[in-house]
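This report refers to the structure that appears directly beneath it.
All values derive from a computational prediction rather than experimental measurement. Convention: sequence-line order gives letters A, B, ...; per-chain numbering from 1.
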Amino acid sequence: MKFAVIVFPGSNCDLDMYNAVVDVLGEDVDYVWHTATDLSAYDGILVPGGFSYGDYLRCGAIAQLAPVMTEVRKAAAEGKFVLGVCNGFQVLTEAGLLPGALIRNNSLKFRCHPVGLRVENANTAFTRDYAQGEVVTIPIAHGEGNYYCDEETLASLKANGQIVFTYDGVNPNGSVAGIAGISNEAGNVVGMMPHPERAVSELLGSADGAKMFTSVLNAWRERNGAASTR
Amino acid sequence: MKATVYVTIKENVLDPQGNAVQGSLQTLGFDEVAKVRIGKYLELTLDTTDRAVAEERVKAMCEKLLANTVIEDYRFELEG
């Protein structure tokens, strides 16, 4: 399986994402610049955290217009696996690939600490190695991670099982229904505020994020009938 | 022609910045302030004199980039 880590000016979790693929999966991974116009070589698209384009105007607002995003939309429509983390989640909502929007934390504080996450949907390509309802520990690091959507959208997220993660215990940012991560209707595009790529080894404080990566590899193998090489 | 664009957070969406400023104003004794909402103000200089065209173009700019209509409302004024 071949992964692309999209790099925008201001991305700063791209190295962590790249290393998570290498360390957890040992699969192929490339950094792909925001000006790229072809993602056909990749099976999984990872949109990392950071501050794309300085977060000017709104988080993710300018990144969604980068040339590579046309290809990310195409890949998502083709059913390829797309994961957006933190700023990557903001970019995917701005791009219309995921519903809702991320606004300022209700505390007005930048929150940076491990949180408990409840796996609300263990059937997505990125969460299939977790147990349904499992609580895991993954760090957050954001000032604008307060997920907002209107009541109608929330009802459809619930009805379609699109809520992937909720915060367990204290809601760190005021998100609607404690939402930490969602998927699109098809389940191949997932966005989340916590950073699984920063939780892939006990040395980092938690290895609970590693299953996000093994999940997608297993999903891809199942889809492609590929033998396990590792 | 000049366009002035105002982007505001929708009424039903939480505005933590506005709430913080309201709290600060009350600390200063401005107790009459019941609510504060913070938005964005943009000035655009357009190289067109056709009002109808400008209106259509600025609306498109707001819809595509300047406002996120999931959480924000916008309005604009044209001058000149």
Please check if atom [atom1] in [X] has more than 12 non-hydrogen atoms from other residues, nucleotides or ligands closer than 6.0 Å.
X: A:Arg73; atom1: CZ; answer: yes
X: B:Phe30; atom1: CZ; answer: no
X: A:Tyr148; atom1: OH; answer: yes
X: B:Glu56; atom1: CD; answer: no
X: B:Glu32; atom1: CD; answer: yes
X: A:Glu152; atom1: CD; answer: no
X: B:Gln26; atom1: CD; answer: yes

B:Glu72 versus chain A, the contacting section by heavy-atom distance below 4.5 Å: side chain
B:Lys64 versus chain A, the contacting section by heavy-atom distance below 4.5 Å: backbone
Just checking heavy atoms, which of residues 94-122 of chain A are less than 4.5 Å from chain B? A:Glu94, A:Gly100, A:Ala101, A:Ile103, A:Arg104, A:Asn105, A:Asn106, A:Leu108
Using a cut-off of under 4.5 Å for heavy-atom pairs, which of B:Val70, B:Asn68, B:Leu14, B:Ile71 has the most such pairs with chain A? B:Asn68
